[in-house]
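This one's a predicted model, so the numbers in the text were calculated from it and none came from an experiment. In listed order, ligands and their atoms are each counted from 1.
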Amino acid sequence: MVHHATKDSHIRKEFLPAFRPFLEAAELREVIDTLESDWITTGPKTHTFEEQFKEYVGSRFAVAVSSCTAALHLSLTASGIGSGDEVITSPLTFAATSNVIIHQGAKPIFADIDRETNNIAPESIEEKLTEQTKAIIPVHYAGHPCEMEEIDRIAKEHDLLIIEDAAHALAASYKNRAIGTLGDATCFSFYATKNITTAEGGMLTTNDEKLAQRARMLSLHGISTDAWQRYADGGSWYYEIIYPGYKYNMTDIQAAIGIHQLKRLPEMQKRREEIAKAYNDAFGNTEGIIIPTSRPYVRHAWHLYAIQVNTNVLKANRDTVIDALKARNIGTSVHFIPLHLHPYYRSQYGYKRGDFPNAEHFFDREISLPLYPRMTDDDVEDVITAVKHVTNEHKL
Ligand SMILES: Cc1ncc(COP(=O)(O)O)c(C=O)c1O
């Protein structure tokens with residue numbers, strides 16, 4: 001339970017950061033154990049982390065890698081997506097989702113978002129289909145699953161792959177099916193701010209054995225056996241290069257952290273849900289704030305609590321509210337500047353403002369409030385007080 005009261009004059013003494021990781025003694029002990037062992041890079045702990053992760057998600061395979069970006073890149077490479085192909089994704093995402101499409105020599109095609117969930121809209125996907133379309137990368141924005149039933153129908157009808165960007169969506173589910181078991185491949189992030197962290201890291205889950213084998217092989221230079229197998233008792237020095245792969249493997253130091261973060265995930269998710277509920281209760285009737293939607297048939301991972309400033313009701317915009325919250329020692333962030341508005345996309349593909357009106361509308365109003373398990377009840381109360389104060393101050 002989060003208790004809060006409105007103390008209008010109350011201003012936090014110390015700055016509350018937008019994100020903080022949550023590492024405990026168990027993670028530290030396991031890292032030290034790894035450093036004191038004879039195996040510090042990809043080895044037994046990475047293997048254990050993969051086994052436990054696939055059990056948690058319910059997928060047949062899990063491949064631990066150096067980042068979600070690496071998992072996305074490997075999913076495309078292992079699926080044979082390349083030059084001349086088109087991949088449809090959301091403009092409301094981080095650089096990584098689209099960078100890897102371009103790295104493969106394929107073309108990113110954006111489809112506008114749904115105004116309620118802020119996820120890629122299935123009807124926009126349909127408008128963007130061409131003969132060259134090979135895959136869809138749905139991004140589960142903030143941890144709210146995309147409309148996977150509709151996306152699956154489109155993919156089946158047009159013989160497309162689904163590679164999910166689940167950087168925000170560990171612990172999320174769609175119609176009682178876990179994210180990580182739905183698409184051809186799902187990519188998770190363990191970056192410092194994510195629902196679990198290994199500082200940097202990622203995981204690719206899939207039910208497709210061939211894709212898993214190819215991704216694993218490509219994650220370590222495209223060679224036939226990994227170092228752990230080569231150097232283990234009875235291993236052989238011999239290896240063969242099957243394909244010019246990448247250096248995307250996870251280290252055992254990272255996996256040591258991941259094993260304990262994964263164990264603590266249910267407890268950390270419970271806290272995220274509590275805080276999201278406290279915000280929903282506090283801001284549901286706050287004039288000037290539009291709260292995020294959570295459809296009844298999903299489990300939201302609550303990676304982000306993304307509010308929108310209702311500019312019809314306030315004489316303030318996103319930036320004024322961010323500055324006013326900062327002045328009250330509340331850190332925030334913005335997710336994301338839609339990709340098509342960045343200089344590369346404007347110059348390379350001719351995109352401009354107006355091309356994806358829903359993503360732009362959202363971006364112009366979006367603020368991510370602090371939401372992480374280490375927040376105390378007082379921290380949550382401070383955010384609520386500050387947001388209410390700022391909106392009151394800026395009423396039209
Ligand atoms: C939506 C989305 N996709 C992909 C990534 C990339 O994750 P990583 O930093 O693990 O490569 C991020 C990271 O912030 C993200 O927010």
Side-chain angles (χ1 to χ4, degrees), residues 17-21 46 49 53 62-77 87-104 108 110-111 113 117-120 135-146 151 162-172 179-180 183 185-205 215 219 246-251 254-255 257-258 261-262 272 292 300-306 332-340 342 356 359 362-363 366-368 371-372:
F19 306 105
R20 289 176 88 191
T46 305
F49 185 37
F53 195 89
V63 181
V65 287
S66 52
S67 66
C68 179
T69 309
L72 288 163
H73 191 198
L74 290 175
S75 302
L76 292 174
T77 322
V87 178
I88 299 178
T89 192
S90 170
L92 190 73
T93 187
F94 186 57
T97 321
S98 179
N99 278 354
V100 296
I101 302 171
I102 300 167
H103 293 162
Q104 278 310 100
F110 301 125
I113 60 167
T117 62
N118 309 311
N119 281 328
I120 194 164
I136 307 167
I137 306 187
V139 180
H140 305 300
Y141 177 83
H144 189 295
C146 293
I151 293 172
I162 301 176
I163 296 166
E164 292 167 66
D165 182 336
H168 299 182
L170 178 58
I179 295 301
T186 308
C187 305
F188 295 95
S189 173
F190 310 135
Y191 178 67
T193 59
K194 296 302 192 286
N195 289 28
I196 71 169
T197 186
T198 59
E200 299 280 356
M203 192 76 78
L204 186 163
T205 63
S219 75
Y246 308 92
K247 188 72 173 26
Y248 281 165
N249 53 310
M250 176 179 275
T251 70
Q254 291 164 299
I257 306 173
Q261 286 273 294
L262 187 63
R272 280 184 186 274
H300 198 313
W302 292 114
H303 172 56
L304 302 174
Y305 193 87
T332 58
S333 187
V334 173
H335 296 88
F336 296 95
I337 305 170
L339 292 183
H340 71 284
H342 287 279
F356 302 98
F362 182 70
F363 163 60
E366 196 270 341
I367 301 174
S368 302
L371 169 63
Y372 42 94

Any side-chain heavy atom of [X] sitting closer than 4.5 Å to one from [Y]?
X	Y	answer
Phe362	Tyr141	yes
Gln254	Phe49	no
Pro292	Tyr305	yes

Quick one: sort the His168 and His303 rings into parallel, tilted or perpendicular, breaks at 30° and 60°. tilted
Relative to each other, are the rings of His340 and Phe110 parallel, tilted or perpendicular (30° and 60° limits)? tilted
Min heavy-atom dist Gly201 to ligand 1 below 4.0 Å: yes
Check each heavy atom of [X] against ligand 1 and say whether those closer than 4.0 Å belong to the side chain, the backbone, both or neither.
X	result
Ala96	side chain
Tyr141	neither
Thr97	side chain
His168	side chain

Under 6.0 Å between the ring centres of Phe53 and Phe190? yes
Heteroatom proximity flag, Cys68 to ligand 1, N/O under 3.5 Å: yes
Looking only at protein heavy atoms, identify the closest one to atom 10 (O) of ligand 1 and say how far it is in Å. Ser189 OG, 2.7 Å
Quick one: look up the protein heavy atom nearest atom 9 (O) of ligand 1 and list residue, atom name and how far away it is. Tyr191 CB, 3.9 Å
Could you list the atoms of ligand 1 found under 4.0 angstrom from a heavy atom of Thr93? 1 (C)
One finds that the ligand 1 atoms under 4.0 Å from a non-hydrogen atom of Ala167 are 2 (C), 3 (N), 4 (C), 5 (C), 12 (C), 15 (C)
Between Glu200 (side chain) and Ser66 (backbone), is there a donor-acceptor pair under 3.5 Å? no
Any idea which of [options] brings a heavy atom closest to [atom]?
atom	options	value
atom 14 (O) of ligand 1	His73, His140, Lys194	Lys194
atom 6 (C) of ligand 1	Leu92, Val65, Thr69	Thr69
atom 3 (N) of ligand 1	Ile137, Asp165, Thr198	Asp165

Point-to-point distance, once rounded to the nearest 0.5 Å, from CD1 of Ile151 to CD1 of Ile137: 12.0 Å
Please lay out, stage by stage, how Phe188 and Lys194 fare under the test side chain to side chain contact (heavy atoms under 4.5 Å, CB included). CA-CA 9 Å; Phe188 295 95; Lys194 296 302 192 286; over 6 Å; no
